[in-house]
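For reference, the structure discussed in these notes is given below.
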Amino acid sequence: MKKLLINIVSTIVIIFSLLSIWEGSRVLLGISVPDYKVFAPLLIYNVVMGFVGVVVGITIFIRHKYSIRYSSIVTLFHISTLITISLLYFNTSSVSAHSINAMIIRSALWLLTTISLLFSNRIFKRKNGRI
């Protein structure tokens, strides 16, 4: 059960991160021009965090001992970024609603990833009598 959960979570994280890299890179390179306001620092952040997400997804897949820590850090970065761009959206309108929605999805995905890892780790420790 734990292996299956970890494999599903890591696969979802890696695929989502690759999609972030793909879409963000296309916009950065001018291949794709979205019909909403693009906030360049957020776009760069999303591409960089896409690469980070792939690395963290791989650490989750290989069950690296720090994968929960890495996932927690990514989650905190995304939630912090969500708060920041939300403030920008409401105060300056320099960020589009599409960007807010995308960051909500990223934050939720990583929060669920971290919770899943914590949950699976807790079950594993109970089964082996470590708690």
Side-chain angles (χ1 to χ4, degrees):
M1 171 78 169
K2 178 186 176 185
K3 260 187 178 179
L4 179 62
L5 176 63
I6 297 298
N7 289 341
I8 290 170
V9 166
S10 63
T11 301
I12 290 170
V13 164
I14 290 169
I15 290 171
F16 190 83
S17 296
L18 288 171
L19 289 172
S20 293
I21 294 167
W22 173 257
E23 278 301 311
S25 297
R26 291 182 70 221
V27 174
L28 278 174
L29 296 172
I31 297 168
S32 175
V33 179
D35 60 349
Y36 52 86
K37 191 182 306 184
V38 175
F39 185 57
L42 180 61
L43 183 59
I44 294 166
Y45 167 85
N46 287 335
V47 172
V48 170
M49 290 306 287
F51 284 104
V52 170
V54 169
V55 172
V56 174
I58 291 168
T59 66
I60 293 168
F61 186 78
I62 63 172
R63 291 153 188 81
H64 189 278
K65 67 180 181 176
Y66 293 131
S67 60
I68 294 173
R69 183 177 298 171
Y70 298 153
S71 178
S72 299
I73 291 168
V74 171
T75 302
L76 291 174
F77 266 83
H78 282 327
I79 291 171
S80 299
T81 302
L82 173 61
I83 292 167
T84 303
I85 65 170
S86 295
L87 291 172
L88 285 172
Y89 175 76
F90 290 115
N91 291 326
T92 66
S93 298
S94 61
V95 178
S96 71
H98 180 274
S99 297
I100 300 290
N101 293 333
M103 191 52 68
I104 289 170
I105 292 169
R106 279 184 187 87
S107 299
L109 173 76
W110 280 99
L111 183 60
L112 290 173
T113 298
T114 302
I115 290 169
S116 298
L117 293 174
L118 290 169
F119 180 72
S120 68
N121 193 42
R122 191 168 141 195
I123 288 173
F124 179 71
K125 285 182 179 178
R126 277 194 186 152
K127 285 184 178 179
N128 291 318
R130 294 184 188 165
I131 287 184

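For the single chain, residues carry numbers from 1 onward in sequence order.
With sequence neighbours excluded, no residue satisfies ring-ring contact (aromatic ring centres under 6.0 Å, His included) with F51. Not counting sequence neighbours, the partners of R26 by the salt bridge (Lys or Arg N to Asp or Glu O under 4.0 Å) test are E23. For S72, there are no side-chain hydrogen bond (donor to acceptor under 3.5 Å, both in side chains) partners two or more places apart in sequence or in a different chain. Among residues two or more places apart in sequence or in another chain, the ring-ring contact (aromatic ring centres under 6.0 Å, His included) test is passed with F39 by none.
To the nearest 0.5 Å, the span separating OG on S17 from CG on L109 amounts to 7.5 Å. Atom-to-atom distance recorded for I6:CD1 and T11:OG1 is 10.5 Å, nearest 0.5 angstrom. To the nearest 0.5 Å, atoms CD1 (I79) and OG1 (T84) are separated by 12.0 Å.
Contact of the Y70 side chain with the I60 side chain is not registered, since no non-hydrogen atoms from C-beta on lie closer than 4.5 Å.
Every pair passing side-chain hydrogen bond (donor to acceptor under 3.5 Å, both in side chains) that includes a residue from residues 45-66 is listed here, sequence neighbours excluded: N7-R63, Y45-H78, Y45-T81.
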- [ ] Would you check, one step at a time, whether the test side-chain contact (heavy atoms from CB on, under 4.5 Å) holds for I105 with F16?
- [x] CA-CA 10 Å; I105 292 169; F16 190 83; 4.0 Å; yes
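Judged by distance alone, the side chain of S71 and the main-chain N or O of S67 form no donor-acceptor pair under 3.5 Å.
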Only pairs under 3.5 Å count here: list side-chain donor-acceptor contacts from residues 97-104, not counting sequence neighbours, and write none if there are none.
| unit_1 | atom_1 | unit_2 | atom_2 | d |
| --- | --- | --- | --- | --- |
| H98 | ND1 | Y36 | OH | 3.4 |
| S99 | OG | S96 | OG | 3.1 |
| N101 | ND2 | A97 | O | 3.3 |

